[in-house]
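Worksheet for the structure shown next.
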Amino acid sequence: MRPAADAEVDVGIRIYALAARLYPICRSITGEGVRKTLQVLGQQIDLTQHEVPTGTPALDWTVPQEWNIRGGYIKDASGRKVVDFADHNLHVLGYSAPIHRTMPLSELKAHIYTLPDQPDLIPYRTSYYSEQWGFCMTHNRFLAMEDGEYEVMIDSQKADGHLTYGEYVHKGETDRDVLLSAHICHPSLANDNCSGLALLACLAKAMRGRKTRYNYRFLFAPGTIGALTWLAHNEANAARIDHGLIVSCVGDGGGPNYKRSRRGDATIDKAMEYVLNREDRKGTIKDFSPYGYDERQYCSPGYNLPVGLFQRSAFGTFPQYHTSADNLDFIAPEHLASSYKMIMEAIDILELDWTPLNLFPKGEPQLGRRGLYSALGGDKSAGETALAYLWVLNLADGQHSLLDIAERSGMAFSDIVRAAQLLRENDLLAEAA
């Protein structure tokens with residue numbers, strides 16, 4: 001196996017192993033599960049943990065009370081546990097109010113959530129901003145419950161506390177930022193979003209030894225309220241974001257999928273479209289919509305930041321979505337490695353893209369006497385090498401970036417970058433103002 005292939009397999013295994021460590025933790029939009037997750041991620045990178053008190057304004061929202069849970073069950077009349085939180089943390093409604101009562105099945109039924117069309121799976125349900133209690137279970141198990149009295153117990157607590165999020169910034173040479181964000185609020189759902197958390201942590205670790213033009217801001221925050229809280233308290237940092245990517249559901253074999261930013265033609269949109277359609281990936285590119293993950297907060301009209309959404313299978317389109325079937329068997333190292341590679345390719349584009357200006361725009365400059373036909377040699381024919389030069393020179397009118405040239409020519413971005421660099425070294429190109 002080639003060294004590059006070895007490295008790709010290795011990174012997939014490492015991402016999967018980290019996702020597997022995160023999977024058992026019961027996370028929500030606040031609480032100890034988030035802190036435990038950040039502690040695990042913090043073993044990979046030097047995370048800064050932020051604690052925002054309950055009641056803190058977050059634009060039009062307010063940081064809610066903190067929720068923690070210690071256990072929960074339903075027992076039948078014989079004392080046998082029909083449902084036990086210890087078996088799977090999806091069994092209790094997220095943010096459920098506490099309860100300890102005995103009641104008839106007729107009353108209990110209103111507080112049980114199932115999936116009749118997927119009778120062997122446990123659904124994922126939450127009640128973040130309403131006072132409810134409840135359980136989630138397989139529909140088949142629900143149908144097997146007999147009339148009678150049941151003891152129900154949820155040992156949870158909502159109290160003033162904090163919303164917690166983690167942040168890591170890789171410093172670049174400029175004061176402009178790339179935002180890479182994954183939501184940290186889901187419990188035992190492997191693809192959505194242990195995969196995104198683990199991938200970004202491993203990517204951030206890999207970036208530490210890389211010299212970059214941009215700062216790379218990695219954000220691990222609860223969905224919606226976490227992004228709103230970050231935006232409310234980071235107006236200056238938000239203004240420095242030139243490119244952004246929300247990462248979720250990146251461990252399965254579907255897609256890949258990319259949803260454009262609200263702007264629709266941002267550099268990150270063009271870069272991801274280019275990446276998703278290289279190497280026969282046949283990616284799907286979707287226009288922006290205000291429904292989805294945290295891209296809708298960053299793309300709200302008051303910010304209109306260039307932030308898109310990258311996934312393998314798009315949320316809500318795969319049968320395992322928000323069910324107990326989104327487990328560690330649903331994600332795989334090879335898919336995680338492929339997702340990692342695509343994001344890294346997009347980062348390469350952001351780092352290496354620039355807009356050239358032809359200094360000899362009238363006719364073609366004589367390349368042979370400058371030794372340029374053989375300068376790239378070894379891995380390409382002279383004709384292909386010359387074609388990269390000619391595409392760059394022809395479109396280097398100060399209006400087309402290297403990415404634009406790669407897209408129009410159909411050539412690899414890396415080949416266009418190398419050709420442009422050699423032309424620049426020979427004083428045939430300058431960077432457009």
For [X] and [Y], work out which heavy atoms get closest and say how close.
X: Ala206; Y: Tyr340; answer: CB-OH, 3.2 Å
X: Met207; Y: His170; answer: O-CE1, 2.9 Å
X: Ser261; Y: Ala266; answer: OG-CB, 3.8 Å
X: Gly251; Y: His335; answer: O-CB, 3.3 Å
X: Asp294; Y: Tyr298; answer: O-CD1, 3.1 Å
X: Leu18; Y: Ala201; answer: CD2-CB, 3.8 Å

For this session: Report yes if the distance between the aromatic ring centroids of Tyr291 and Phe315 is under 6.0 Å, otherwise no.
Result: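 Ring centres of Phe315 and Tyr291 closer than 6.0 Å.
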Exercise. Taking the six-membered ring for Trp, is the centroid-to-centroid distance between His186 and His322 below 6.0 Å?
Worked result: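 Yes: the rings meet the under 6.0 Å criterion.
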So how far is it from [X] [atom1] to [Y] [atom2], rounded to the nearest 0.5 Å?
X: Met342; Y: Ile347; atom1: CE; atom2: CD1; value: 13.0 Å
X: Tyr73; Y: Asp87; atom1: OH; atom2: CG; value: 14.0 Å
X: Cys136; Y: Ile112; atom1: SG; atom2: CD1; value: 9.5 Å
X: Trp61; Y: Tyr129; atom1: CH2; atom2: OH; value: 5.0 Å
X: Gln157; Y: Ile154; atom1: CD; atom2: CD1; value: 14.5 Å
X: Arg35; Y: Glu51; atom1: CZ; atom2: CD; value: 4.5 Å

Exercise. Charged N to carboxylate O below 4.0 Å: is that the case for Glu273 and Lys270?
Worked result: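 Judged by the 4.0 Å cut-off on N to carboxylate O distance, Glu273 and Lys270 do not form a salt bridge.
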Problem set entry | Residues Arg260 and Asp269 bridged, charged N to O under 4.0 Å |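 Looking at Arg260 and Asp269, the cut-off is not met.
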Heavy-atom distance under 4.5 Å between the side chains of [X] and [Y], does that happen here?
X: Ile268; Y: Tyr258; result: yes
X: Thr114; Y: Pro116; result: yes
X: Asp160; Y: Pro53; result: no

Going by the angle between their ring planes, with limits at 30° and 60°, are [X] and [Y] parallel, tilted or perpendicular?
X: Phe318; Y: Tyr321; value: perpendicular
X: His139; Y: Phe142; value: tilted
X: His111; Y: Trp133; value: parallel
X: Tyr293; Y: His183; value: parallel

Is it true that [Y] and [X] share a donor-acceptor pair across their side chains at a distance under 3.5 Å?
X: Gln421; Y: Glu425; value: yes
X: Gln44; Y: Arg14; value: no
X: Arg296; Y: Thr224; value: yes
X: Glu167; Y: Trp230; value: yes
X: Ser188; Y: Asn89; value: yes
X: Glu151; Y: Thr102; value: no
X: His88; Y: Ser324; value: no

Can a donor-acceptor pair be found, under 3.5 Å and without considering hydrogens, that links the side chain of [X] to the backbone of [Y]?
X: Arg27; Y: Gly33; result: no
X: Ser338; Y: Glu334; result: no
X: Arg125; Y: Leu93; result: no
X: Asn215; Y: Gly172; result: yes
X: Thr30; Y: Trp67; result: yes
X: Arg281; Y: Val275; result: yes
X: Lys286; Y: Asn257; result: no
X: Gln118; Y: Pro319; result: yes
X: Glu351; Y: Tyr214; result: yes
X: Asp76; Y: Arg80; result: yes

Please determine whether the number of non-hydrogen atoms from other residues, nucleotides or ligands lying under 6.0 Å from atom [atom1] of [X] exceeds 12.
X: Lys36; atom1: NZ; result: no
X: Asp147; atom1: CG; result: no
X: Glu173; atom1: CD; result: yes

Exercise. How far apart are the C-alpha atoms of Glu131 and Lys158, what are their side-chain angles, what is the distance that settles it, and do they pass the side chain to side chain contact (heavy atoms under 4.5 Å, CB included) test?
Worked result: CA-CA 10 Å; Glu131 189 69 12; Lys158 276 193 278 189; 2.9 Å; yes
Problem set entry | Name of the residue among Leu395, Thr267, Ile349, Asp353 meeting side-chain contact (heavy atoms from CB on, under 4.5 Å) with Ser401 |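 Exactly one candidate clears the test, Asp353.
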Exercise. Should Tyr128 and Tyr95 be marked as a ring-ring contact (aromatic ring centres under 6.0 Å, His included) after you check the CA-CA gap, both sets of side-chain angles, and the distance that decides it?
Worked result: CA-CA 5 Å; Tyr128 294 146; Tyr95 250 69; 5.6 Å; yes
For this session: Under the side chain to side chain contact (heavy atoms under 4.5 Å, CB included) rule, what do Leu22 and Val40 come out as? Steps first, then yes or no, please.
Result: CA-CA 7 Å; Leu22 301 177; Val40 174; 3.7 Å; yes
Exercise. What's the verdict on side chain to side chain contact (heavy atoms under 4.5 Å, CB included) for Arg262 and Glu295, showing C-alpha distance, side-chain angles and the deciding distance?
Worked result: CA-CA 9 Å; Arg262 182 176 181 269; Glu295 73 283 349; over 6 Å; no
Problem set entry | Residues that Ser339 engages under side chain to side chain donor-acceptor pair (under 3.5 Å), provided they are two or more places apart |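 In terms of side chain to side chain donor-acceptor pair (under 3.5 Å), with neighbours along the sequence ignored, Ser339 is linked to Arg312.
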Exercise. Residues in side chain to side chain donor-acceptor pair (under 3.5 Å) with Arg176, at least two apart?
Worked result: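 Arg176 satisfies side chain to side chain donor-acceptor pair (under 3.5 Å) with Asp242 only.
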For this session: Please lay out, stage by stage, how Met137 and Val82 fare under the test side chain to side chain contact (heavy atoms under 4.5 Å, CB included).
Result: CA-CA 9 Å; Met137 61 191 299; Val82 177; 3.9 Å; yes
Exercise. Do Glu345 and Arg278 pass the salt bridge (charged side-chain N to carboxylate O under 4.0 Å, His left out) test, and can you show the C-alpha distance, the side-chain angles, and the key distance before you say yes or no?
Worked result: CA-CA 10 Å; Glu345 287 177 13; Arg278 299 295 294 177; over 6 Å; no
Exercise. Is there a salt bridge (charged side-chain N to carboxylate O under 4.0 Å, His left out) between Asp348 and Arg210 once you walk through the steps?
Worked result: CA-CA 11 Å; Asp348 287 341; Arg210 180 171 176 175; 2.8 Å; yes
